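The structure appears right after this line, and notes come after that.
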Amino acid sequence: MHRLAILIPFLIQINMLSQTPKKSESVLINGKSIYYEVYGEGEPLLLLHGYSQSSKSWRPYIQDYEKEYEVYLIDLTGHGKSEPFKENLNIKAVAKDLHFLIQHLKLEKIKAIGFSFGGDVLYQLALINPTVMECIITIGAVGTWTIQDFPQYLETYNFENRANFPWLKEAHDSEEQVKGIMNQFKNYIVKLSDKELQSIKPEVLIIVGDDDEGMDLKEVARVRENLPNSDLWILPNVSHGAHEGENKEEFILKSKAFLIKERTE
């Protein structure tokens with residue numbers, strides 16, 4: 001199910017590989033409390049979670065990147081240890097919050113990996129602040145998606161059924177936050193025009209599974225055609241979490257090769 005964490009098998013194991021961050025704090029960003037953690041040394045690498053997840057979902061990957069990168073795990077607006085949604089979900093607004101966090105952290109250049117919701121946020125960030133982003137990896141995201149195409153998701157994914165989604169309690173700090181996330185899912189609408197895609201400057205690696213029911217391969221092709229500097233990796237017989245499970249090792253290898261690729265301005 002696109003945008004939801006119920007296809008993410010490692011969520012129930014997120015504490016198994018937990019590590020101690022060298023820094024963790026909540027900061028006031030654009031009028032909201034946003035939480036982040038930092039691990040490792042090197043160039044800044046942001047890892048962004050999917051909708052209804054938190055930064056905990058990336059903890060099993062810290063050891064794969066922390067020797068080469070200063071890894072930032074961020075609880076995006078409304079998620080994890082960041083404060084609950086105050087306003088209706090708007091992907092561009094979430095990206096603006098991330099933009100202001102990057103400014104607060106005084107990061108001049110970043111690399112970033114975003115899963116699903118996190119990937120959609122990165123596309124918007126590339127429009128808001130193109131100069132700070134060196135390269136982007138998106139997984140199960142092409143910057144365009146609407147819940148209106150999947151009304152069946154809303155029938156089951158609601159606060160009254162929260163007990164059916166046990167990872168929510170682990171990922172988030174309060175029932176108020178869980179309620180906000182589930183209630184705001186109806187507002188998940190994001191669209192990138194051809195012109196907007198053509199204006200994106202950072203190099204992008206698009207990763208999708210060909211069995212991801214939420215990803216229209218025609219839309220993937222449109223994005224690939226209009227992104228001026230992009231690569232596409234489609235995994236056969238793989239659903240939404242193309243970086244997980246038996247694909248993780250190959251994902252780590254490909255992502256690292258992409259991240260260290262020499263680029264010219």
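Along the sequence shown, residues are numbered consecutively beginning with 1. Keep in mind that what you see is a predicted model, and the values were worked out from it rather than measured.
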Review point. Does R162 make a cation-pi contact with F165 (under 6.0 Å, within 45 degrees of the axis)?
Key: no

Practice item. Kindly indicate whether a cation-pi arrangement holds for K32 with F100, taking the cut-offs as under 6.0 Å to the six-membered ring centre and within 45° of the axis. Key: no

Any [X] side-chain heavy atom under 4.5 Å of [Y] side chain:
{"X": "S52", "Y": "L168", "value": "yes"}
{"X": "I206", "Y": "L227", "value": "yes"}
{"X": "L73", "Y": "Y36", "value": "no"}
{"X": "M133", "Y": "I110", "value": "yes"}
{"X": "I91", "Y": "V121", "value": "yes"}
{"X": "E244", "Y": "I139", "value": "no"}
{"X": "I102", "Y": "L125", "value": "yes"}
{"X": "L47", "Y": "I62", "value": "no"}

Should we say atom [atom1] of [X] is surrounded by more than 12 heavy atoms from elsewhere, each under 6.0 Å from it?
{"X": "E176", "atom1": "CD", "answer": "no"}
{"X": "Q198", "atom1": "CD", "answer": "yes"}
{"X": "K201", "atom1": "NZ", "answer": "no"}
{"X": "K218", "atom1": "NZ", "answer": "no"}
{"X": "K179", "atom1": "NZ", "answer": "no"}

For [Y], is there an ion pair with [X] - N to carboxylate O distance below 4.0 angstrom?
{"X": "E68", "Y": "K256", "value": "yes"}
{"X": "K261", "Y": "E203", "value": "yes"}
{"X": "E70", "Y": "K22", "value": "yes"}

With distance as the sole test, does [X] use its side chain to make a donor-acceptor pair with the main-chain N or O of [Y] at under 3.5 Å?
{"X": "Q124", "Y": "A95", "value": "no"}
{"X": "H79", "Y": "S54", "value": "no"}
{"X": "D64", "Y": "I252", "value": "no"}
{"X": "E170", "Y": "W167", "value": "no"}

Exercise for review: Check each of V94, I128, N30, V132 against H99 using the side chain to side chain contact (heavy atoms under 4.5 Å, CB included) test, and report the only one that passes.
Suggested key: I128

Study note, to complete from the structure: Only residue of D75, L101, L76 satisfying side chain to side chain contact (heavy atoms under 4.5 Å, CB included) with Y35 is D75

How far does [atom1] of [X] sit from [atom2] of [Y], to the nearest 0.5 angstrom?
{"X": "H172", "Y": "M182", "atom1": "NE2", "atom2": "CE", "result": "9.5 Å"}
{"X": "R224", "Y": "S230", "atom1": "CZ", "atom2": "OG", "result": "4.0 Å"}
{"X": "R222", "Y": "T144", "atom1": "CZ", "atom2": "OG1", "result": "5.0 Å"}

Grab the two heavy atoms, one from [X] and one from [Y], that are nearest each other, plus how far apart they are.
{"X": "Q63", "Y": "Q19", "result": "N-OE1, 3.7 Å"}
{"X": "Q152", "Y": "D149", "result": "OE1-O, 4.5 Å"}
{"X": "L205", "Y": "F258", "result": "N-CZ, 3.5 Å"}
{"X": "Q53", "Y": "S57", "result": "NE2-CB, 3.4 Å"}
{"X": "L89", "Y": "Y51", "result": "CD2-CE1, 3.8 Å"}
{"X": "H104", "Y": "I29", "result": "CB-CD1, 3.7 Å"}

Point to revise | Derivation of the ring-ring contact (aromatic ring centres under 6.0 Å, His included) call for F150 and W145 | key: CA-CA 10 Å; F150 302 90; W145 195 81; 5.3 Å; yes

If only side-chain N and O atoms count, and only distance matters, is there a donor-acceptor pair under 3.5 Å linking [Y] with [X]?
{"X": "T156", "Y": "N161", "value": "no"}
{"X": "D212", "Y": "S239", "value": "no"}
{"X": "E155", "Y": "Y157", "value": "no"}
{"X": "N247", "Y": "E250", "value": "no"}
{"X": "Y123", "Y": "T138", "value": "yes"}

Review point. Taking it one step at a time, do E196 and K191 satisfy salt bridge (Lys or Arg N to Asp or Glu O under 4.0 Å)?
Key: CA-CA 9 Å; E196 286 175 319; K191 170 70 175 177; over 6 Å; no

Check your understanding: Are the ring centres of W233 and H243 closer than 6.0 Å?
Key -> no

Practice item. Compute the ring centroids of H240 and F115, then answer whether they are less than 6.0 Å apart. Key: yes

Point to revise | Within one Ile-Leu-Val-Met-Phe-Trp-Tyr cluster: F159 and I181, side-chain cutoff 4.5 Å | key: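 Yes, because F159 and I181 connect within a single hydrophobic cluster, where side-chain heavy atoms sit under 4.5 Å apart.
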
Point to revise | Candidate pair E41 and Y69, rule side-chain contact (heavy atoms from CB on, under 4.5 Å), full reasoning | key: CA-CA 5 Å; E41 302 290 342; Y69 298 99; over 6 Å; no

